[in-house]
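The next block holds one structure in the form of structure tokens; read it before the comments.
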Amino acid sequence: MDLQPPRGTSDLLPPRSERMLRLYRSAGALAELYGYAYVETAILEPTELFTATSGESSDVVRKEKYTFEDRSGRSLTLRPEGTAPAMRAYLAKVHELPPLFKAYYIEPEWRYGRPQAGRLREFRVFGVEVIGTPDPGGDVEVIALADSYLRARGLSRFNLRINSIGDERCRPAYGEELSAYLEANRDRLVDEHRIRFQENPLRVLDCMDEGCVAVSSGAPKISDRLCDPCREHFAGVRSGLEGESVPHVLDPTLVRGLDYYTRTAFEFGSDELSPGQRTVCGGGRYDGLAEAMGASPTPGVGFGMGLDRVMLAQDGEGVAEAVDGVPRCFVVAVGEAAREWASRVVRTLRASGISAASGFEPRPLKAQLRMAGRSGAGFAAIVGEKEAGAGTVTLRRLSDGQQEELRLNDAAAWIHSQSETPA
RNA sequence: GUGGCCGUAGCUCAAUAGGUUAGAGCACCAGGUUGUGGUCCUGGGGGUUGGGGGUUCGAGUCCCCUCGGUCACCCCA
């Protein structure tokens with residue numbers, strides 16, 4: 001039997017699983033500090049939710065859908081992104097929720113494609129959404145939150161690019177102008193775009209093909225064509241970021257891959273990752289999303305952050321996150337007669353707030369001590385016939401071998417009094 | 001999804017131009033030390049060479065398919 005997880009998925013085991021849990025917990029803590037509520041949505045959605053919102057021309061819908069039919073013939077899709085499900089869930093319960101709804105989630109998402117490092121079919125995402133306000137303050141807050149999170153996770157070698165891609169008032173006109181321009185220069189575009197630009201001309205702008213780049217550089221810029229409200233909104237976002245001291249650069253070629261985005265688009269990229277997948281966090285405003293689902297207009301802004309990539313960026317920057325899940329004290333039982341007392345020791349330590357573990361099996365003392373050392377524990381509690389008879393426990397500091405025999409009731413206090421950093 | 005590279009013990013690797021029972025280090029287990037780990041010594045377990053098929057007297061080595069990883073592209077988290 002093949003023990004590998006399915007292609008493009010990954011198992012997480014210590015220490016990486018511990019680090020990932022750290023990323024989850026710190027994400028939750030930060031989001032809650034900003035006043036965001038935790039939400040969960042179904043991992044499966046009707047396929048239509050994504051085709052109707054992301055857009056038929058988006059890559060997610062065209063070739064990355066993880067789609068199958070259930071037993072009743074319904075087409076279901078493993079969510080490739082979190083915003084549409086979050087908005088769907090919000091709209092379904094809109095009357096029970098506050099008009100300004102700030103939500104965060106930590107969830108797996110799926111995209112079907114050829115996997116490589118930092119690009120998985122199943123990947124872990126920390127996302128936040130501010131639903132119910134068109135104010136640039138919302139944009140600024142989610143961006144500042146992402147920036148703050150990355151820095152708190154020890155990262156510094158990343159940058160933030162932002163752009164405004166307009167809204168339904170100014171984008172269509174710009175799109176036509178851009179289309180006309182691309183049409184006139186189509187012979188210089190890469191093959192794939194000669195046809196495709198008609199579906200969504202904005203897409204050509206972030207193409208890395210030499211010819212496309214050359215054409216893009218001479219193309220009309222959306223920033224020069226924004227309608228007044230969009231221009232004002234974007235100015236608000238930028239000055240807000242200045243006010244929050246969030247470093248960023250304007251990138252007129254930045255376009256989001258999903259159709260529902262309006263106005264603000266942004267991406268955080270890590271210098272530690274391969275150029276092709278350096279994006280660690282992407283997001284933007286989606287004031288048209290609710291309408292795409294047939295609901296009344298509801299503005300929103302948010303981001304999705306790829307935590308697998310955040311961890312890779314940490315690897316690249318040499319960030320060492322503290323590891324949990326290691327017992328403070330490893331209890332060693334010598335001989336059958338001491339086993340009962342040993343489990344009493346384990347219970348007592350735990351009741352005093354000291355994480356304690358044992359090896360379960362009656363192995364030789366040296367083997368158990370080896371296990372204690374391997375476990376990463378700071379201390380070993382040696383319990384044999386002698387201790388069992390005397391109601392004591394021998395505590396050994398594993399960093400230097402110093403040890404002391406104490407009454408069980410004094411053991412926890414003694415460990416607490418020791419240095420917090422066992423070697 | 002397109003193209004390239006890679007795949008030998010848990011890990012890192014070795015195995016002359018196809019040639020006998022596929023080796024080593026680390027890790028793991030046991031003993032030396034019947035109550036003291038991380039050092040040392042001795043011994044031990046562990047591989048259908050990713051899987052399948054083919055060529056050959058003979059395949060880890062050559063060919064095909066397949067699975068997986070990886071890099072670039074597409075695109076993004």
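Scope of the values below: all heavy atoms of this structure, side chains included, with no hydrogens, waters or symmetry mates. Letters A, B, ... mirror the listed sequences (proteins, then strands); counts begin at 1. Being a predicted model, the structure only gives us computed values, none of them experimental.
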Kindly say whether, by distance alone, the side chain of [X] makes a donor-acceptor pair under 3.5 Å with the base of [N]?
| X | N | value |
| --- | --- | --- |
| A:Arg119 | B:rC75 | yes |
| A:Arg114 | B:rG68 | no |
| A:Lys63 | B:rC74 | yes |
| A:Arg309 | B:rC76 | yes |

Please classify the nucleic acid contact of [X] as base, sugar-phosphate, or nothing, using heavy-atom distances under 4.0 Å.
| X | value |
| --- | --- |
| A:Gly127 | nothing |
| A:Gly8 | sugar-phosphate |
| A:Ala117 | sugar-phosphate |

Practice task
Measure from NZ or CZ of A:Arg238 to the centre of the six-membered ring of A:Phe234 and say whether it is under 6.0 Å with the direction within 45° of the ring axis.
Solution key: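 The answer is yes; both the distance and angle limits are met.
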
Practice task
Identify, between A:Arg278 and A:Pro6, the residue whose nearest nucleotide on RNA chain B lies closer to the 5' end.
Solution key: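 Of the two residues, A:Pro6 wins.
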
Handout entry: Closest-nucleotide ordering on RNA chain B, the 5'-leading residue of A:Cys281 and A:Gly401
Key =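 Counting from the 5' end, the first nearest nucleotide belongs to A:Gly401.
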
Exercise for the section: Look up atom CD in A:Glu177 and atom CZ in A:Arg225, then write down how far apart they are to the nearest 0.5 Å. Expected result: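 Reported to 0.5 Å precision, the distance equals 4.0 Å.
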
So, OP1 or OP2 of [N]: does either fall under 4.0 Å of a side-chain N or O from [X]?
| X | N | result |
| --- | --- | --- |
| A:Gln368 | B:rG37 | no |
| A:Arg396 | B:rG35 | no |
| A:Arg370 | B:rU36 | no |

Practice task
Would you kindly say whether A:Glu109 and A:Tyr66 are connected by a side-chain donor-acceptor distance under 3.5 Å?
Solution key: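 Note: A:Glu109 and A:Tyr66 side chains miss the donor-acceptor criterion.
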
Handout entry: Qualifying residue, where the test is side-chain contact (heavy atoms from CB on, under 4.5 Å) with A:Leu241 and the options are A:Asp147, A:Asp139, A:Val246
Key =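 With A:Leu241 as partner, side-chain contact (heavy atoms from CB on, under 4.5 Å) holds for just one option, A:Val246.
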
Practice task
Return the nearest nucleotide to the side chain of A:Gln403; candidates are B:rA72, B:rU36, B:rG35.
Solution key: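 So the nucleotide nearest the side chain must be B:rU36.
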
Practice task
Can you tell me, in whole Å, how much space there is between the P of B:rC62 and that of B:rA14?
Solution key: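 To the nearest whole Å, 14 Å.
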
Exercise for the section: Send over the distance from A:Leu273 CG to B:rA77 P, rounded to a whole Å. Expected result: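 Rounded to whole Å, this separation is 14 Å.
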
